[in-house]
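When reading the values below, keep in mind they use all heavy atoms of this one structure, side chains included, and skip hydrogens, waters and symmetry mates. Just so we're clear, the structure is a prediction, and the values are computed from it rather than from any experiment. Throughout, protein chains are lettered first and strands after them, A, B, ... in sequence-line order, and every chain is numbered starting at 1.
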Number of protein chains: 2
Amino acid sequence: METESRPVPRVVIIGAGFGGLEAAKHLGNKPVFLTVLDRTNHHLFQPLLYQVATAALSPADIAAPVRGILTKYENIEVLLAEVQAVDVEARLVRTTEREMPYDYLIVATGSRHSYFGHPEWEKLAPGLKSLEDAVEIRRRILLAFEFAEKTQDPEARAAAMNFVIIGGGPTGVEMAGAIAEIARKTLAKDFRHIDPSTARVILVEGDKRVLSGFPEDLSVSALEQLQELGVEVITGTHAENLTENGLEVAGKFIPCRVKIWAAGNTASFVGKTLGVPVDKAGRVVVQDDLTIPGHPEVQVIGDLANFTSKDGKPLPGVSPVAIQQGRHAARNILHMVEGAKPQRFYYWDKGSMATIGRNRAVADLNIVHFSGFPAWLAWLFIHVLYLVGFRNRIAVLLQWAWAYVTFNKGARLITRNFQAEQRPVG
Amino acid sequence: METESRPVPRVVIIGAGFGGLEAAKHLGNKPVFLTVLDRTNHHLFQPLLYQVATAALSPADIAAPVRGILTKYENIEVLLAEVQAVDVEARLVRTTEREMPYDYLIVATGSRHSYFGHPEWEKLAPGLKSLEDAVEIRRRILLAFEFAEKTQDPEARAAAMNFVIIGGGPTGVEMAGAIAEIARKTLAKDFRHIDPSTARVILVEGDKRVLSGFPEDLSVSALEQLQELGVEVITGTHAENLTENGLEVAGKFIPCRVKIWAAGNTASFVGKTLGVPVDKAGRVVVQDDLTIPGHPEVQVIGDLANFTSKDGKPLPGVSPVAIQQGRHAARNILHMVEGAKPQRFYYWDKGSMATIGRNRAVADLNIVHFSGFPAWLAWLFIHVLYLVGFRNRIAVLLQWAWAYVTFNKGARLITRNFQAEQRPVG
């Protein structure tokens, strides 16, 4: 029972990704009034986005409406809004439609692809961040086979059957493995004039090894597992001179129709409007309690934050970091509301994993390293466990079980979906 | 065992809807070489399209790749192609990319919406024929609630909460019922500044009664069931003067943001290129064996055909007609290949049904009329039974079961999806 009647503090969270959503849940039914802003209406389970891009799952299987997830917390409102800037002095978030005042702010707007000074490559080699990206990549992959089936030009046919993935991190490795499986298994008997199993899948990585964020033995294992699937892996060199007809790798031109970008990230522009230092990837350099210098009421989390870990390097842009930071940021706010100081954040690194295909994966659990089938099982278990919403978990499990038994992928739809426009109707 | 070696006849089917696909299956592993042309890569289970438009199902739940369905027939090839015209004299189908010669042709390109001389209304009030249409309508419905939640203009808010469906046939009735259910149940607790259950759903029908193709007692029942769901039904008048802000009905302006067109069809343009008479809806007037005058090698089926039934009226544009005609057309071709004549087509009318919502439907089985729960159960049974592909049936059943128990609709995604462009990626 409180004796004074303080005004209820207004909290704003920008972004309903892993970090923002976790923070929101921890502020649910607490003595604050919370507004969650996002420019889409859904939370996206990004680790499975490559499965939408490769026709194994539907968009709705890995996305849940933010409103639905937070509906039970009466102190939370959700607004579909495009944020333009944060005015930290005036304590205002500016959106395209109105200004939202706040007492406490969590910025969790994540990152987009970085094309290393070649923004014109984005159309040629789309990346994989949103549902729209995934549907567009799925469309390009399926259309390439359709084109190869009907063209009478052998060179154009060969180019349509080459798939190049640029970037050998977890997303690139997953995409390469999944495209190889579609070509060799799912589509194997669907065509009359081409043999999809002769498709070339080429993974290009600038570093000396794929999965360079993982321990070296797992990189070696991932390389072997990719090669078993027939993926050609080229390391230690960068893709250059991208055109509609192909790209150059190590001085050699590879004709190819479908190019997929998985090479680099750049932080959301919202970080730069905070008026504090950002690193060269555009991430906001946060203090050890996740706040920004001079503004304890503003915290930055997830892919947008550069948080220096024990070894002096920034924490990686993965969902466990975002989730733990989201929870911590929410607790910091509750502390501050009570008049206490924000606390130091510690990351508990439980390890990381990447899947390569059916029965194939690598898992780094710090003490032990797995690869192959046990790693794949662990990956499966964790991902189903963390999928938001009971319905999605069941639907995804069923579709995976079905695909596992039959090699069939159910979501092989080519639909028109364009990213050019972003304005809502009306 | 054949003694002469006749060349294998080339058959072309244009369109992989219910009619075209049924014909293709009946020509599978028969002594013909068959090419199926379609401009999309998937067969669409159109009777459930309104469920995608109202967020109950995902696109992949009601669509299956044509290639996958026909993969087991080695004499069938599938081509993704846009047909421009048929040259019946030269026996050629012209597509945007090449010409396909044929010995026998089945034209099954269906229909699009008709805006009765107002093509500019299409953008304001989209119809429901393709997956793209459904995703666009879903987006508009969900965005209207999002807009109402955040606007501070009471008039704009009221307009966003009005949903007008133009046309009271089965699609219009299904859409009206489904939108009413979303507003009253699914979204009821998701917003803070609006009460979705106060949304007005208005169904406008030019005829004197809804479901005018059904017996009169079922129209009465459908009207009652719609009213129980809170749908306002206006009959005997046409929608006029559509603008972004609303439309006029019976001289009164109804402000509304979301308008959905379910009022009329016009046959595909391909029929007009055959050089034989078409009716005023653009349908090809076929002979009693489904062939066109002077060209027994060309048959027209489904929504594109005007086939005069016993009572002197054309058969309705529903899937049972298309399926029976597809089967018949395939048999006619096999007859003709053997030197026999095409046979007369008889339609076996098993009845028709329309669903209105949870536990609500009407069914006309000729001898008996059902409405309410028994009709709804019958509808459910038939639709799951006919859904193409085992995986889809299971997935749809599970999602329905889940939605039935929880009133939750899983596919509430707003994704950007634009119909402006149709060209595949270069």
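- Here the side chain of B:Asn41 pairs no donor or acceptor atom with the backbone of A:Leu142 at under 3.5 angstrom.
- For B:Lys30, the NZ atom counts as densely surrounded, since its 6.0 Å shell holds more than 12 non-hydrogen atoms of other residues, nucleotides or ligands.
- Heavy atoms closer than 4.5 Å to chain B are found in the backbone of A:Tyr73, but not in its side chain.
- More than 12 heavy atoms of other shown residues, nucleotides or ligands fall within 6.0 angstrom of atom CD in A:Glu120.
- In this structure, the side chains of A:Leu80 and B:Leu143 come closer than 4.5 Å at one or more pairs of heavy atoms.
- Here the straight-line distance linking atom OG1 of B:Thr40 with atom CD of A:Glu146 works out to 9.5 Å at 0.5 Å rounding.
- Here the closest non-hydrogen pair linking B:Gly68 and A:Arg412 is CA-NH2, 3.6 Å.
- Interface summary for chain A: among B:Leu70, B:Ile76, B:Val78, the most heavy-atom pairs under 4.5 angstrom belong to B:Ile76.
- Smallest separation of non-hydrogen atoms from B:Thr71 and A:Arg192: O-NH2, 3.1 Å.
- Ranked by heavy-atom pairs shorter than 4.5 Å toward chain B, the options A:Glu77, A:Glu74, A:Arg98, A:Arg67 are led by A:Arg67.
- For A:Phe191, the parts lying under 4.5 angstrom from a heavy atom of chain B are both the backbone and the side chain.
- We find the CG-CG distance between B:Asp61 and A:Asp61 to be 7.5 Å, quoted to the nearest 0.5 Å.
- The 12-atom threshold is exceeded at NZ of B:Lys129, counting heavy atoms of other residues, nucleotides or ligands nearer than 6.0 Å.
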